[in-house]
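As the structure lists them, so they are numbered: ligands from 1, and atoms in each ligand from 1.
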Amino acid sequence: MKLSTRITSITGGGSDGWDVFYRARRMIADGIPVTELTIGEHDIRTHPDILGAMQASARGGHTGYATVPGTTALRSAIAHRIAARTGVPTAPANILVTPGGQAGLFAAHMAVCNQDDPALFIDPYYVTYPGTIRAVGAVPRAIVTSPETAFQPTASAIAAAARGAVSLLVNTPNNPTGAVYSPQTLNDIARVCQDHDLWLISDEVYDTQVWDGTHISPRALPGMADRTLVVGSMSKSHAMTGSRIGWVCAPEHVIAHLLNLATHTTYGVAGFIQDAATYALHQGADLENTVAAPFRRRRALTLQALAGQNIVRALPIEGAMYAMLDIRATGLSSADFANALLDAEKIAVMPGESFGNAAAGHIRVAMTIDDDRYVAALHRLVGFADRCKPKH
Ligand code: PMP
């Protein structure tokens, strides 16, 4: 029996640079101690008070079907947070609660792409982007950025790709590059979207992790609120990755249709998870800053650990929980470097190619282990890179 092309073509096939990751997992399963700097997951767990709210809600009976677009309390809390952070008037009717940001990315593309429509995204990219676009039947079209412009997309590159496209997906603060898009970049993005009549899908799941510059939501730029779908999540901001809770913020008529999609796919999000999320959002920025603090600290430790040498160079780490390191001076491809580093030092990092061709020659290091082990791993990584360097 034949499966649908849509399901079999979600992933491009091949290892996509993920073999280092799977090899590290196998080594760990075999009892080999590996320093894991691959995946973007906090080394803290969800705050006990959030779990308390979750338990109280479940015990209080919120275990039945919850209303599909999301509870009024959570949609209001999300709308309030967005309005407060961006200044754009936002109502509960602009919000669909989703089981995580990933479901939001899928829903957003479902809302704006027809079969075979070209949908734009920026390379390097978060791993699921092309697959998400293919999953809705659209055709992913990459806009390549370069380390020389700190992986910020340029207006000319976006405009050159825009012909025939229906949407543009951007992500700031960015995974994997750590870039926070500048006001200039965001204005360029807004202008190209208006000139080419593109929907903008803005993935802002790292909006609380900004170390340099400020997070600007492109929805807040002139003329953009009517053509922007913002994807948000509690995964990174509140260390709630496993709770699967996020949202899409969009014009009311878009949400009205997304409600139908949710009804026919997820049928909503568990009520006790929504209540826990509502509780968490009511704690305001204090809790968000506590969750972000280790990454802010480790970002500074990264810059210290890499100072005084130039074999491994950090790109500006402006936001998110990753350091993108340029290892081109070693003369190795990033996959060869990452594989050799795993063998020699038992340190697992992601080769840049896992996130697209634009990140070749780079590795992504997740700042997700305790400070002492993290700094020690960076020193070993630099020592290893130095030994790889071509001898003249
Ligand atoms: N967007 C980006 C850029 C991410 O890095 C992630 C998770 N790593 C997601 C979306 C999805 O996050 P979640 O589904 O956990 O909200």
Side-chain angles (χ1 to χ4, degrees), residues 16 18 21 36-46 50 70 74 78 81 95-110 119 121-133 135 140 142 145 151 153 167-181 200-210 215 217-218 229-249 262 265-266 269-270 273-274 276-277 280-281 288 291-292 295 317-324 350 352 354-356 358-359 364-368:
D16 288 344
W18 279 73
F21 171 77
E36 252 279 33
L37 303 174
T38 52
I39 287 293
E41 179 135 40
H42 316 67
D43 46 330
I44 56 164
R45 300 281 89 179
T46 308
I50 301 179
L74 180 55
I78 295 167
R81 178 182 187 270
I95 307 296
L96 172 80
V97 175
T98 60
Q102 180 55 46
L105 286 166
F106 178 81
H109 283 94
M110 275 296 274
F121 67 105
I122 313 286
D123 179 357
Y125 51 86
Y126 173 53
V127 283
T128 67
Y129 281 2
T132 303
I133 291 169
T145 60
F151 293 117
S167 61
L168 167 63
L169 168 58
V170 296
N171 169 225
T172 179
N174 189 274
N175 175 14
T177 66
V180 169
Y181 285 0
L200 182 64
I201 300 176
S202 178
D203 177 344
E204 303 182 21
V205 305
Y206 292 97
D207 68 347
T208 59
Q209 298 182 3
V210 179
H215 173 66
S217 173
L229 289 75
V230 176
V231 174
S233 170
M234 308 284 291
S235 285
K236 312 292 173 175
S237 59
H238 292 80
M240 290 181 74
T241 47
S243 289
R244 312 308 305 133
I245 180 93
W247 60 82
V248 177
C249 170
T265 52
T266 60
V269 173
I273 301 281
Q274 295 198 58
L281 289 179
E288 296 179 354
V291 174
F295 306 116
I317 313 170
E318 296 165 330
M321 47 174 84
Y322 315 97
M324 196 66 150
M350 294 301 287
S354 328
F355 311 102
R364 190 195 74 171
V365 171
M367 304 188 284
T368 48

Proximal atoms of ligand 1 relative to [X] (non-hydrogen, under 4.0 Å):
X	result
S235	13 (P), 15 (O), 16 (O)
N171	3 (C)
G100	14 (O), 16 (O)
K236	7 (C), 8 (N)
G101	13 (P), 14 (O), 16 (O)

Between [X] and [Y], which heavy-atom pair has the shortest distance, and what is it?
X	Y	result
L105	T128	CD1-OG1, 4.4 Å
V205	S233	CG1-CB, 3.7 Å
P173	Q209	CG-O, 3.6 Å
M367	A320	CE-O, 3.8 Å
G101	V231	O-CG1, 3.4 Å
A239	H42	CA-CE1, 3.5 Å

Notebook entry, point to check: So which of T266, V248, V269 actually passes side chain to side chain contact (heavy atoms under 4.5 Å, CB included) with V97?
Noted result: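 Looking at T266, V248, V269, the match for V97 under the side chain to side chain contact (heavy atoms under 4.5 Å, CB included) is V269.
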What I want to know is whether [X] and ligand 1 share at least one N or O pair that is separated by under 3.5 angstrom.
X	result
L105	no
S233	yes
Y129	no

Item checked: Short N-O contact, E288 and R81, less than 4.0 angstrom ->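 Yes, this pair counts.
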To the nearest 0.1 Å, how far is [atom] from its closest protein heavy atom, and which atom is that?
atom	result
atom 14 (O) of ligand 1	R244 NH2, 2.7 Å
atom 2 (C) of ligand 1	D203 OD2, 3.4 Å
atom 11 (C) of ligand 1	Q102 N, 3.8 Å
atom 7 (C) of ligand 1	Y126 OH, 3.3 Å

